[in-house]
Amino acid sequence: MVDRLANSEANTRRISIVENCFGAAGQPLTIPGRVLIGEGVLTKLCRKKPKARQFFLFNDILVYGNIVIQKKKYNKQHIIPLENVTIDSIKDEGDLRNGWLIKTPTKSFAVYAATATEKSEWMNHINKCVTDLLSKSGKTPSNEHAAVWVPDSEATVCMRCQKAKFTPVNRRHHCRKCGFVVCGPCSEKRFLLPSQSSKPVRICDFCFDLLSSGDLATCQPTRSDSYSQSTKSPLNNVSDDEDDEDSSD
């Protein structure tokens, strides 16, 4: 099916429409062999609150962006190569239902569909695209992924020292290795994580000690460690501002 659609006029037209919706600020998406598999609105769990994002699944990449005008204009384009993607289902928690984790070496995050059927379709299509890509390339699935950041709302005190309370002055920070919300004194060190940045990034003291000793396995975040156990805030249909987790802290 994908091979048959690759050179069809309908597929070329659909991809061109997506390119036009992102405008000049977006990257070109039309290349030989690329097929637009599907698209839709998913709720992305950002640093400060859940936000609606427009997602496009191609046979080799996953693209998403902020919704400015539905089906007409998007910005803040993000492109994720599918061969680096692994996904895991998330149990329903309060208002956040039908979700799964999208994990890559550079960035990982949670998304939620409107229905269980939609979730199943997204996950099945993503998994098939990833499997087909790896089969063609002969590569093995990535076993390294960036931590999923714990939302700000899940931590009123530092998740490492358990003492420092967060205030407008005592700001929240995120460890790039484990995803925990930590205070400044518990995350003063930097460490080079090549898959995430060419420069040393902020990590907590706990992860710094483990990384410095070479104990990478212990420091590797698990879903239960770095992902919130319970999210009380309702879904917000805020769609035209910048992703919070792209901030420097």
Side-chain angles (χ1 to χ4, degrees), residues 2 5-82 84-85 87 90 94-104 106-126 129 148-149 151-153 231-249:
V2 171
L5 290 173
N7 297 315
S8 71
E9 290 185 10
N11 177 65
T12 301
R13 184 168 59 252
R14 290 178 69 201
I15 296 178
S16 178
I17 291 173
V18 176
E19 285 183 335
N20 291 335
C21 285
F22 278 105
Q27 296 295 315
L29 299 173
T30 302
I31 64 170
R34 178 168 289 165
V35 174
L36 178 57
I37 305 296
E39 62 182 272
V41 177
L42 299 173
T43 297
K44 181 175 179 289
L45 192 59
C46 298
R47 176 178 177 178
K48 296 195 180 294
K49 55 189 174 183
K51 299 178 181 179
R53 296 286 184 257
Q54 183 73 28
F55 280 78
F56 300 92
L57 176 63
F58 296 83
N59 60 329
D60 62 334
I61 57 174
L62 183 65
V63 177
Y64 70 92
N66 295 10
I67 304 169
V68 179
I69 303 175
Q70 182 63 48
K71 296 185 179 298
K72 291 184 178 180
K73 185 177 181 181
Y74 310 112
N75 63 14
K76 307 295 183 183
Q77 184 190 70
H78 298 263
I79 300 177
I80 303 173
L82 281 180
N84 296 327
V85 168
I87 59 176
I90 301 172
D95 292 322
L96 296 176
R97 307 177 65 83
N98 311 313
W100 67 98
L101 297 178
I102 297 176
K103 302 187 296 184
T104 78
T106 57
K107 185 176 184 179
S108 301
F109 53 90
V111 292
Y112 296 84
T115 66
T117 299
E118 188 179 337
K119 169 186 174 177
S120 177
E121 290 176 348
W122 270 101
M123 293 189 70
N124 288 338
H125 284 307
I126 291 173
C129 288
V148 179
W149 284 21
D152 284 3
S153 60
T231 302
K232 303 299 183 184
S233 58
L235 301 185
N236 294 276
N237 191 28
V238 178
S239 59
D240 58 353
D241 54 343
E242 186 173 14
D243 276 3
D244 295 298
E245 71 269 38
D246 290 339
S247 65
S248 60
D249 292 322

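- With F58 as the partner, the side chain to side chain contact (heavy atoms under 4.5 Å, CB included) test is satisfied by one option alone out of I37, L29, V35: L29.
- Here the shortest heavy-atom pairing between W100 and K119 reads CE3-CG, 3.6 Å.
- Just one of H78, K76, R53, K73 meets the side chain to side chain donor-acceptor pair (under 3.5 Å) condition when paired with N66; it is R53.
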Test W122 against V111 for side chain to side chain contact (heavy atoms under 4.5 Å, CB included), laying out the working first.
CA-CA 11 Å; W122 270 101; V111 292; over 6 Å; no

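- Taken to the nearest 0.5 Å, the CD1 atom of I102 stands 5.0 Å off from the CZ atom of F55.
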Taking it one step at a time, do V63 and V18 satisfy side chain to side chain contact (heavy atoms under 4.5 Å, CB included)?
CA-CA 10 Å; V63 177; V18 176; 5.6 Å; no

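- What you find for I69 and Y74 is that their closest heavy atoms are O-CE2, 4.3 Å.
- Note that the CZ atom of F109 and the CG atom of L101 stand 10.0 Å from one another [nearest 0.5 Å].
- Side-chain contact between S153 and K49: absent, with no pair of heavy atoms (C-beta onward) separated by less than 4.5 Å.
- The two atoms that bring R34 and N59 nearest to each other are CA-OD1, 3.4 Å, heavy atoms only.
- Paired with T104 under the rule side chain to side chain contact (heavy atoms under 4.5 Å, CB included), one option of L62, L82, V85 passes, and it is V85.
- Across every non-hydrogen atom of Y64 and K107, the tightest pair is OH-NZ, 3.0 Å.
- Of all heavy-atom pairs spanning A114 and N98, the tightest one is O-ND2, 3.4 Å.
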Stepwise, does the side chain to side chain contact (heavy atoms under 4.5 Å, CB included) test hold for K71 with Q54?
CA-CA 9 Å; K71 296 185 179 298; Q54 183 73 28; 5.8 Å; no

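- Looking only at distances, no side-chain donor or acceptor of N75 sits under 3.5 Å from a matching main-chain atom of G65.
- Here the shortest heavy-atom pairing between C46 and K51 reads SG-CD, 4.0 Å.
- Here the straight-line distance linking atom CD of E19 with atom OG1 of T30 works out to 3.5 Å at 0.5 Å rounding.
- In this structure, SG on C129 lies 11.0 Å from CD1 on I61, to the nearest 0.5 angstrom.
- Here the straight-line distance linking atom CD of E121 with atom OG1 of T115 works out to 7.5 Å at 0.5 Å rounding.
- Between L96 and I90 there is no side-chain heavy-atom pair separated by less than 4.5 Å.
- For the atom pair CD1 of I17 and OG1 of T12, the computed distance is 11.0 Å after rounding to the nearest 0.5 Å.
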I'd like to know whether L45 forms a side chain to side chain contact (heavy atoms under 4.5 Å, CB included) with V148, so could you lay out the CA-CA distance, the side-chain angles of the two residues, the decisive distance to 0.1 Å, and finally the verdict.
CA-CA 10 Å; L45 192 59; V148 179; over 6 Å; no

